[in-house]
Amino acid sequence: MTDRELDAAGITDPLLRAAYAHCRRLNSRHGKTYFLATRLLPAARRPAVHALYGFARWADDLVDEPGAGRTTAGRAAALDALQQCLEDGLRGAPTTEPVVRAVVHTAARYGIDHRHFRDFLGSMRSDLTVTDYPTYADLRRYMHGSAAVLGLEMLPVLGTVVPQEEAAPHAAALGIAFQLTNFLRDVGEDLDRGRVYLPAELLAAHGVDRGLLRWSRDTGARDPRITAALRAAADLTRDVYREAAPGLALLDPASRPCIRTAFVLYGAILDAVRDDGYAVLHRRAVVTRRRRAATAAGGLARVAVTRLTTRLTTRLTTRLTARRQVVPPGRPPRQVPVPVPEEAP
C-alpha cells in the first residue's frame with residue numbers, strides 16, 4: 001500500500017519516500033484506531049496524514065518511552081534537539097531525520113501554519129514537569145497544543161467545502177475529544193507514569209483525589225466515588241464530541257468517511273469504558289474486533305458511494321458542457337440537472 005500511496009501523492013524522491021514510509025510505520029504501530037480510519041482517505045492524502053501523526057508519535061515517545069538514562073533533563077534535551085531540527089527544516093535547511101523530512105515536506109505542500117508544531121512541542125515539554133491539572137480550563141490549555149493543533153494541521157490535508165476558519169473550531173474540538181477519550185481509557189497507565197490528566201476539580205466534585213486513585217490502582221479495589229468521577233469525565237468528553245460533530249459536514253466529501261469512521265471508533269471506546277463498568281484503573285477497555293470491522297465496512301461503503309457520485313456528477317457535467325457547445329444559435333440550451341451528493345453530519 002505504501003508505494004501506491006506515495007505514487008498517488010506524486011512523491012518520487014527516494015529519500016522522501018523512505019521518510020514517509022517510516023512515518024507510516026510509526027502511525028500504524030502506535031495509532032491503530034486512527035490508522036484504520038486513514039485507510040479510507042484517498043491514497044494521495046494518506047502520506048501527509050502519516051507524516052503529521054508520525055511526528056506526533058515520535059515526539060510523544062521522547063517524553064514517555066522508558067529507556068536507559070532517560071532522565072527528565074535528557075528528555076528535555078531530546079525535545080530541544082527535535083524542535084531545533086524541525087525549525088531548521090521549516091526554514092529550508094536539509095535534515096537527515098526522516099520524520100522531520102516528511103513533516104516539513106507536508107507543511108510546505110499544504111501550507112500548514114508552523115506555530116501549530118511549536119504549540120504541540122510546548123505541550124509535550126510540559127509533560128516533563130506537569131503531573132496534574134487543577135481545572136478543566138487548565139487541561140484545555142494543555143490540550144490545545146497536544147490535540148487541537150493536530151486537528152488544525154489536518155484541515156488543509158482533508159480539505160473543506162467552506163473557508164478553513166469556519167471549520168477550524170470543530171476540527172480543534174475533535175482533536176480534544178479524541179484525547180479526552182484516550183485520557184479516560186488510559187487513566188491507570190498515566191497514573192503509573194505519575195500523571196493525572198482528569199481535572200482535579202472534576203475528581204474532587206465526587207470525593208476523589210490522587211491518593212484514592214492510587215489506592216484503587218494498587219489494590220484492585222473499586223470505589224463508587226471513582227466510578228462517579230469517571231462517568232462524569234465520559235459525559236464531559238461526549239459534550240466535546242457534540243462540539244465537533246457539525247464539522248464533519250464541512251469537510252471535503254472525499255475525506256468525510258475517514259473522519260466519520262474515526263469519530264465513531266473513538267466514541268466506541270467511551271462505550272467500551274461504560275460497558276466495562278468504568279474499570280479503567282484496573283484494565284484497558286477495548287472495542288471489539290467485530291465492531292471495528294463493522295465500522296470500517298460502513299466507512300468503505302461511504303467511500304464507494306462518494307466516488308460513484310463524484311464520477312456520475314463529473315460525467316453529467318461533461319455532457320452538459322458538450323451540449324452547450326453544440327447548441328444551434330438562437331436556441332436556449334436544455335438544462336440537465338446535476339445530482340449533488342447529500343451526507344448527514
Side-chain angles (χ1 to χ4, degrees), residues 1 4-5 8-9 24 27-28 31-53 106 109-112 147-179 181 237-238 240-271 287 291-317 338-345:
M1 289 289 281
R4 186 170 76 84
E5 292 169 356
R24 188 181 190 274
N27 197 16
S28 66
K32 290 181 170 47
T33 298
Y34 198 80
F35 181 78
L36 175 63
T38 301
R39 301 284 293 275
L40 302 176
L41 279 176
R45 303 189 197 187
R46 294 177 207 161
V49 177
H50 296 320
L52 294 172
Y53 274 81
T106 291
R109 183 171 190 171
Y110 289 96
I112 297 171
V149 296
L150 290 174
L152 298 175
E153 290 168 6
M154 285 284 292
L155 268 186
V157 179
L158 299 173
T160 60
V161 295
V162 297
Q164 281 188 29
E165 56 269 22
E166 185 176 335
H170 303 294
L174 189 58
I176 289 173
F178 288 169
Q179 186 163 61
T181 302
T237 303
R238 292 190 189 279
V240 183
Y241 277 103
R242 283 188 278 272
E243 282 182 53
L248 298 177
L250 306 183
L251 297 173
D252 180 344
S255 298
R256 289 177 199 165
C258 165
I259 304 305
R260 185 188 303 278
T261 298
F263 186 98
V264 172
L265 285 174
Y266 272 91
I269 295 173
L270 290 181
D271 294 340
V287 179
R291 183 163 185 180
R292 286 166 59 88
T295 302
L300 286 171
R302 291 188 185 95
V303 169
V305 169
T306 298
R307 290 176 181 172
L308 179 62
T309 305
T310 300
R311 284 198 296 269
L312 179 61
T313 301
T314 301
R315 189 177 304 163
L316 290 177
T317 301
V338 178
V340 177
E342 296 182 0
E343 185 160 354

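Residues take their numbers from the sequence shown, with the count starting at 1.
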Using the six-membered ring wherever Trp is involved, compare the ring planes of Phe263 and Tyr241 and label them parallel, tilted or perpendicular (cut-offs 30° and 60°). perpendicular
Determine whether Val49 and Arg46 make a side-chain contact, defined as any pair of heavy atoms from C-beta on separated by less than 4.5 Å. no
Taking side chain as C-beta onward, heavy atoms only, is Thr261 less than 4.5 Å from Val264? no
Nearest heavy-atom pair of Pro253 and Val161: which atoms, and what distance? CD-CG1, 3.9 Å
Where do Ile176 and Gln179 land on the side chain to side chain contact (heavy atoms under 4.5 Å, CB included) test, with the steps shown first? CA-CA 5 Å; Ile176 289 173; Gln179 186 163 61; 5.8 Å; no
Rounding to 0.5 Å, atoms CG (Leu270) and OG1 (Thr181) come to a distance of 4.0 Å
What's the spacing between Glu165 CD and Leu152 CG if we round to 0.5 Å? 12.0 Å
Rounded distance (nearest 0.5 Å) linking atom SG of Cys258 with atom CG of Leu248: 10.5 Å
Work out which heavy atom in Pro246 is nearest to a heavy atom in His170; give both atom names and the distance. CB-CE1, 3.8 Å
Any side-chain heavy atom of Arg45 sitting closer than 4.5 Å to one from Asp252? yes
Set of side chain to side chain donor-acceptor pair (under 3.5 Å) partners for Arg238, sequence neighbours left out: Asp271
Is a donor on one side and an acceptor on the other found under 3.5 Å between the side chain of Arg24 and the backbone of Pro47? no
Distance-minimising heavy-atom pair for Tyr53 and Asn27: CB-OD1, 3.6 Å
For Tyr110 and Ala48, the nearest pair of non-hydrogen atoms, with its separation, is CE1-CB, 3.6 Å
Just so I know, are the side chains of Leu41 and Val157 near enough to count as touching, which here means a heavy-atom distance under 4.5 Å? no
Rounding to 0.5 Å, atoms CG (Leu174) and CE (Met154) come to a distance of 9.5 Å
Of all the heavy-atom pairs spanning Gly175 and Ala147, show the shortest one and how long it is. O-CB, 3.3 Å
Partner of Ile259 under side-chain contact (heavy atoms from CB on, under 4.5 Å), chosen from Thr38, Leu158, Leu40: Leu158
Would you give the length of the straight line joining atom CD of Glu153 to atom OG1 of Thr106, rounded to the nearest 0.5 angstrom? 10.0 Å
What pair of heavy atoms forms the shortest contact from Ala44 to Ala9, and how long is it? O-CB, 3.4 Å
Non-hydrogen side-chain atoms of Leu251 and Leu155 separated by less than 4.5 Å: yes
